Amino acid sequence: PPPPPSEGSAAAGTPQIPAETLYTNAMRDKSSGRMELAAQQFQEYLKFYGDTELAPNAQFYLGEIHYAQADFENALREFDLVLEKYPENNKTADAWYMKGQTLVKMGRRTDGAKEYRALISRFPNSDVAGKARSALRSMGLSATPAAPKRRTR
């Protein structure tokens, strides 16, 4: 007899699970250390619900999962996607900080410092700006941001 249908056998364009449930399951699996499963669920969430309020979070957590697995190339890509696709959201500053962290881990200290300074310039009073200042100081660098670029809105 043929094998039973797998969970992924629904029509390609049809989500099998409501957005909130999928996101909640992904967060639960991430918290429980089931990173591969959580990553799959966040990717599925973004595929079907990429324009929802929690999409920037899902994108960010994909980056965190890759970072935790020392997959820095993919972590960097995911954090960049947060900044590109969702530039004005509650995870923007966190993504900027983690992008800096990732670059430093990759041995790209100058690029990492540049990201920290951009974060400090854009979100000077955020919690992560303080972490970025500490990271810069621990690298022996000035925590003073470069002059802000002209703002466009």
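This is a predicted model, so every value here is computed, not measured. As a basis for the values below, the full set of heavy atoms in this structure was taken, side chains included, without hydrogen atoms, waters or symmetry mates.
Ring geometry for Phe123 against Trp96 counts as perpendicular: the plane angle is over 60°, on a 0 to 90° scale with 30° as the lower cut. Between Tyr23 and Phe42, the ring planes are perpendicular. Angles over 60° get that label, and only those under 30° would be called parallel.
Of all the heavy atoms in Ser142 and Arg117, the pair that sits closest is O-NH2, 2.8 Å. When every heavy atom of Lys30 is checked against every heavy atom of Ala38, the shortest pair comes out as N-CB, 3.6 Å. Here the closest non-hydrogen pair linking Ala93 and Val128 is CB-CG2, 3.5 Å. Between Val104 and Arg109, the shortest heavy-atom contact is CG2-CA, 4.4 Å. Of all heavy-atom pairs between His66 and Ala75, the closest is CB-N, 3.5 Å. Annotation for Met139 and Ala113: closest pair CE-CB, 4.3 Å, computed over non-hydrogen atoms.
Rounded to the nearest 0.5 angstrom, Asp71 CG and Ile65 CD1 are separated by 11.0 Å. Note that the NZ atom of Lys91 and the CG atom of Leu54 stand 10.5 Å from one another [nearest 0.5 Å]. Atom OG of residue Ser126 and atom CG of residue Asn90 lie 12.5 Å apart, to the nearest 0.5 angstrom. The CG atom of Asp111 sits 12.0 Å away from atom OG1 of Thr102, with the distance rounded to the nearest 0.5 Å. Of the inter-residue distances, the one linking Asp29 atom CG with Gln41 atom CD reads 4.5 Å to the nearest 0.5 angstrom. Distance check: Glu78 CD to Met98 CE gives 12.5 Å after rounding to the nearest 0.5 Å.
Both Leu22 and Met35 belong to a common hydrophobic cluster when Ile, Leu, Val, Met, Phe, Trp and Tyr are linked at side-chain heavy-atom distances under 4.5 angstrom. In this structure, Met27 is a member of the same hydrophobic cluster as Leu46, with clusters built from ILVMFWY side-chain heavy atoms closer than 4.5 Å.
Here the rule is side chain to side chain donor-acceptor pair (under 3.5 Å) with Asp80, and of Gln59, Lys85, Lys99 only Lys99 fits it.
No donor-acceptor distance shorter than 3.5 angstrom exists from the side chain of Ser121 to the backbone of Ala118, with no hydrogens or angles considered.
The side-chain tip of Lys105 does not point at the ring of Phe72 from less than 6.0 angstrom away and within 45° of straight on.
The side-chain heavy atoms of Ile120 and Leu136, taken from C-beta on, include a pair separated by under 4.5 Å. Residues Tyr45 and Thr52 meet the side-chain proximity criterion, which asks for heavy atoms closer than 4.5 Å. Residues Leu62 and Leu81 form no side-chain contact, since every pair of their non-hydrogen atoms from C-beta on lies 4.5 Å or further apart. For the pair Arg133 and Tyr116, the minimum side-chain heavy-atom distance is 4.5 Å or more.
Around the CD atom of Gln69, the shell of radius 6.0 Å holds more than 12 heavy atoms that belong to other residues, nucleotides or ligands. Residue Asp127 qualifies as open at atom CG: its count of foreign heavy atoms under 6.0 Å is 12 or below. Within 6.0 Å of CD in Glu20 there are 12 or fewer heavy atoms belonging to other residues, nucleotides or ligands. Atom CD of Glu84 is surrounded by more than 12 heavy atoms from other residues, nucleotides or ligands within 6.0 Å.
Under the 4.0 Å criterion applied to side-chain N and carboxylate O atoms, Arg122 and Glu88 are assigned as salt-bridge partners.
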Working note: Asn89 + Thr92, criterion side-chain hydrogen bond (donor to acceptor under 3.5 Å, both in side chains); need CA distance, chi angles, decisive distance, verdict.
CA-CA 6 Å; Asn89 73 83; Thr92 301; 3.1 Å; yes
